[in-house]
Structures are given as C-alpha cells and as structure tokens.
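All values derive from a computational prediction rather than experimental measurement. Throughout, protein chains are lettered first and strands after them, A, B, ... in sequence-line order, and every chain is numbered starting at 1.
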Protein chains: 2
Amino acid sequence: MASLSANDYLNKYFPQFELALKEKLAQHTSIKTFETGELMMQPGQYFRSTMLVVEGKVKLYRQGEDGGEFFMYYLEPGNACALSLICATKQETSEVMAKAVEKTTVLSIPIEIMDDLVRNYKTWYYFTLETYRNRFEELLQVIDSVAFKGLDERLMFYLKKQTEKLNTKQLPLTHQEIAADLNSSREVISRLLKKIEQRGDVILHRNYVEWLK
Amino acid sequence: MASLSANDYLNKYFPQFELALKEKLAQHTSIKTFETGELMMQPGQYFRSTMLVVEGKVKLYRQGEDGGEFFMYYLEPGNACALSLICATKQETSEVMAKAVEKTTVLSIPIEIMDDLVRNYKTWYYFTLETYRNRFEELLQVIDSVAFKGLDERLMFYLKKQTEKLNTKQLPLTHQEIAADLNSSREVISRLLKKIEQRGDVILHRNYVEWLK
DNA sequence: TTAACGATGTGACAAAAGTCACCAATAAGC
DNA sequence: GCTTATTGGTGACTTTTGTCACATCGTTAA
C-alpha cells in the first residue's frame, strides 16, 4: 500500500467534500496508523481529535461488566466515528471499544477546528449528519435483532453482514470468534451453524465459514 | 395548564439558547399538541419539521415485524427527537415509533430554517450534538441490558428508569404493559416481580408497582 | 346484585440457550 | 516423527424464558 497524502485520501474517500473543505482538512489533519489488533478507543478515554477512516477496518463493540463482548458495527474507509465526532466536540468520554481489525489509517482532525468546519462547510455538516444517522440506524438494527429475534436468526443476520462488510463469502471466523461477537458460547454457535449447514445456507470449514447465498 | 407562547416555552425549557436563537425560533415555530396515546411518529413517515418537546412525555419504541414492542426511552420537556433532527434535515424516513403518553406539546421547527440554525447559532449546534449524544448513550444502555443481562436485571433496570422518568415510586404500570415494553410475556414478568417483591425491592399492588429503593 | 371484564397468581410443560465433559481432527512447534 | 494447542463435534444436563390452562380477586356497568 503506497503512502498517500491527506489530500490523496480526501479525494479518494471523501469526494463529496467541497474543495475548500478538503484544503482546510489537508492543512490541519495528521495521519495516524494502527496495527491489526490495536485498540483505538476504550471506555473512559478522552478525545482531542476526531477520526476519519481512510484505510483498513475498525470494529466497534460494547464490553459488558463481566468482560463479554458484543459486536456493533465496522467502520471502513470513508466513515467517521460518530462517537469521536460527538465526544471530541463535547469533551466527554466514549463508552465503547474500537479495535483495528486490519492495519488501519485515519485522518486525525483536531477538535480546535471542528466548530469552524461545521459552521463554514456545508458538506462537512451534511457528512456529520449522515454519520450520526447511519450509526443510529445500525444501532437500531442491532437492537432489533437482539430484542425480537432468536440466536439462530441473529447468527444469520451476523453472517450476512460479515459477507457484505468483509466482501467475501469465505468468512475467516472461528466459531469461538462468532460466539464472542454475539455474546454467546462456542458450543451453541457450533450447533446452530450445523443446523444452518444442513439447511444448505453455509458450508463449514476449518477456520472459515462459507456463505452460500 | 395555562397556554404559553413559544417564547415562554423557550425561556422555560431551553434557557441555554442564546437570545437571538430564541427570537428566531419564536418567529418560525408553530405549537402542536398531541393527545394521550396519540402516535407522533411511525416507520416510513417523512418529516417536514423537527420537534422540541415542551410539555408532556413521549415514549420512543421500536416495533418488531411480529408486532412486538420494545421500549427505548422517553422524551421530556427540554428534549428534542434526535431522529427528527436527522430525518428532517436529510429528508429521510424514521424507523421508530413515538407515542404521546401524556398530553404533549411540541414546538415544531420547519426544516427550511435548520441550516440557518446550525450555522449561525452556536447554542443550537451544541444542543443538537448534546441531543445526539444523549440518545446514542441511551441506546447503548439499552443494548447493554439486552446483550449482557437476564430478564430479571433488565426488569430492575426498567423499573428504576421508570421511577426516575415518571418521578414517582408508585409506578402506574400493569404487568402486561411492562411485559410489552420488555418484549416478554405477562406471566414471566408476574413471576419475576414476585421474586423481586420477596427480596423486598418492590411491593406489588393492583395496577401499580411500588418501588422501594 | 350480578355478570363481565381486566389484572394477577400459579402449576405444568415446552423451547431456547448455556454449561460441562469429553472426543476427534488439524495445525504448529520442536 | 512426536507433542501440544487450537478448532470443532456431541451428548447430557441445567437454567431461563415462553406458553397454555385455569383460578382468583377487584372493579365496573347494566
């Protein structure tokens, strides 16, 4: 992966930004990278900047008191972290975990210019609204699946979302990892996957699950 | 309840708004009322305006495909509907149900002036951020309780929240209503309440539950 | 007063999900 | 090669939650 400038990234992943906004951002952002597996955000942490993802993939999840995890959604190039937008502006702490699941590059925008951005750049304002809205809707979907559906349906929903986001039908997930994301147990997931395999919707392999739909 | 003007309401429930903003809003908002039980928002509906709650109480909940309900949170005087803020601006449809649980009055702000507001009134901009943030956090709490906790703990969490929001320890809720809000069944809730009563945390009465903590 | 209705209590059973114990297959390191 | 760790499969059992059937108790309306 060649090393791009902030400007290159903005043109590639944020083409909707008006020219003046891109120039402004190029001047004031710094580029940061995170290694695979690195924690980018955790409860209690303060933000001095907000982040635009431009390479890699970030997994957002909630952590329970008992240490259990609960997957919410991924951020990809072109996305911003809604929470960092809010928390940076308000100087409050975040409530979720964010982990780089691939080598990830972000543009880091200092909070000092956030006021200026939202006030003077219409495309930025719309971008933040869009971001809030999308994350809100993702959360609503998550709530739906937990509130109204059994684990079998949630598993299907999860696998479907993974194929979309990971952009492959060979999902590189162990049963243990799936169980963690859904806050369930490995045995239960194994059994449900078997059922789904017998229905013909997936084929199980070692270390990956093949989605057939 | 005496009939107040938009200006009165703004001074009472939105004192943090700068003077110029209050004047602007007073000029452009209309006052709407909803009767107890009236639906204010439902999936698929478009918004031509956003709403500031100034009297009453609004219940926001998600509706499942099978018709089941799932309570998310209440809006009270001084709150805005985060979704109407987003949806009005973006001209997209909402995804949740909102119902007035008391006679409710709102200030209705036409979308035409939203751009102006966020751009030229700093206190408005902060207010919207605060609104997003609060709703986001409430959703995260809801997710937590469903993802990590059993029905007994969720029930406790629910009752506690109700005492805070309804501002009374005599919760005017039937077991049936509680079951609906938690998307469970009446018998299960009755049994769990009995257990909680035996622990000494509540006393059960006909048509209401007394919270003792 | 009485019939009807809504709210609640409860036992019996079913279904879903979690837990425990253990085994088998594969991969990785030495 | 052998050993070990990881991954996945499975049966037996428990706990939690949902469902069904029915009883009881107040309240309300005719």
Side-chain angles (χ1 to χ4, degrees), chain A residues 37 64-71 142-159 162 170-211, chain B residues 37 64-71 142-159 162 170-211:
Chain A
E65 293 155 15
D66 58 352
E69 293 185 7
F70 187 83
F71 171 74
V142 168
I143 287 182
D144 269 6
S145 66
V146 188
F148 299 121
K149 310 206 190 277
L151 195 49
D152 49 351
E153 275 190 88
R154 282 175 58 206
L155 179 53
M156 288 295 283
F157 177 75
Y158 172 84
L159 295 174
Q162 294 291 321
Q170 326 277 96
L171 300 170
L173 301 164
T174 66
H175 299 184
Q176 184 62 66
E177 287 169 329
I178 297 172
D181 281 350
L182 297 176
N183 192 48
S184 176
S185 73
R186 203 258 316 157
E187 297 92 317
V188 172
I189 297 298
S190 283
R191 272 193 273 266
L192 290 177
L193 282 173
K194 262 274 167 280
K195 240 196 286 180
I196 295 174
E197 185 179 40
Q198 280 157 16
R199 269 206 327 250
D201 292 339
V202 299
I203 299 176
L204 302 182
H205 305 266
R206 187 183 180 80
N207 288 315
Y208 72 100
V209 176
E210 193 179 348
W211 180 251
Chain B
E65 293 155 15
D66 58 352
E69 293 185 7
F70 186 83
F71 171 72
V142 168
I143 287 182
D144 269 6
S145 66
V146 188
F148 299 120
K149 309 204 190 279
L151 195 49
D152 49 352
E153 276 190 87
R154 283 175 58 205
L155 178 53
M156 287 296 283
F157 177 76
Y158 172 85
L159 294 174
Q162 295 291 321
Q170 326 276 96
L171 300 169
L173 301 163
T174 67
H175 299 184
Q176 184 63 67
E177 287 168 330
I178 297 173
D181 280 351
L182 296 176
N183 193 47
S184 176
S185 73
R186 203 259 316 156
E187 297 92 318
V188 172
I189 297 299
S190 283
R191 272 192 275 266
L192 290 177
L193 282 173
K194 261 275 168 277
K195 241 197 284 178
I196 295 174
E197 184 178 43
Q198 281 157 15
R199 270 206 325 254
D201 292 339
V202 299
I203 300 176
L204 302 183
H205 305 266
R206 188 184 178 80
N207 287 317
Y208 73 101
V209 176
E210 193 177 349
W211 180 250

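- For C:dG18, one of the phosphate oxygens OP1 or OP2 lies less than 4.0 angstrom from a side-chain nitrogen or oxygen of A:Ser184.
- Atom CD of A:Gln198 is separated from atom P of D:dG9 by 11 Å (rounded to the nearest Å).
- Atom CD in B:Glu187 sits roughly 16 Å away from atom P in C:dA14 (whole-Å rounding).
- As rounded to whole Å, 8 Å separates atom C1' of C:dA7 from atom NE2 of B:His175.
- At a threshold of 4.5 Å between non-hydrogen side-chain atoms, the residues A:Val188 and A:Leu192 count as touching.
- Look at CD1 on A:Ile189: it is 12 Å from P on C:dT19, rounded to the nearest Å.
- Both A:Asn207 and A:Leu151 sit near DNA chain C, but only A:Leu151 has its closest nucleotide nearer the 5' end.
- Look at B:His205 and you won't find any side-chain N or O under 4.0 angstrom from OP1 or OP2 of C:dT8.
- For D:dG8, the base has no donor-acceptor partner in the side chain of A:Arg191 [N/O atoms by modelled type, under 3.5 angstrom].
- With rounding to whole Å, A:Glu153 atom CD is found 13 Å from C:dA16 atom C1'.
- Annotation: the span from A:Leu151 atom CG to A:Tyr158 atom OH amounts to 12.0 Å, rounded to 0.5 Å.
- Side-chain atoms of B:Glu187 and B:Arg191, non-hydrogen and from C-beta on, do get closer than 4.5 Å to each other.
- Side-chain N/O atoms of B:Arg186 and base N/O atoms of C:dG9 include a donor-acceptor pair closer than 3.5 Å.
- Computed from coordinates, the B:Gln176 CD to C:dG9 C1' distance equals 14 Å when rounded to whole Å.
- Spacing between atom CD of A:Glu197 and atom C1' of D:dT10 amounts to 15 Å, rounded to whole angstrom units.
- The shortest distance between side-chain heavy atoms of A:Ile178 and A:Leu193 falls below 4.5 Å.
- Once rounded to the nearest 0.5 Å, the distance linking CG of B:Leu171 with NE2 of B:His205 reads 10.5 Å.
- Each of C:dG9, D:dG9, C:dA7 was ranked by its minimum atom distance to the side chain of A:Ser190; first place goes to D:dG9.
- Taking the side chain of A:Arg206 as heavy atoms from C-beta on, and the options C:dA25, C:dT19, C:dT10, the nearest nucleotide is C:dA25.
- Atom-to-atom, CG of A:Leu192 to C1' of C:dA15 comes out at 13 Å; the value is rounded to the nearest Å.
- Ranking D:dG18, C:dA17, D:dT10 by closeness to the B:Ser185 side chain, first place goes to D:dG18.
- OP1 or OP2 of C:dG9 lies within a sub-4.0 Å distance of a side-chain N or O belonging to B:Lys194.
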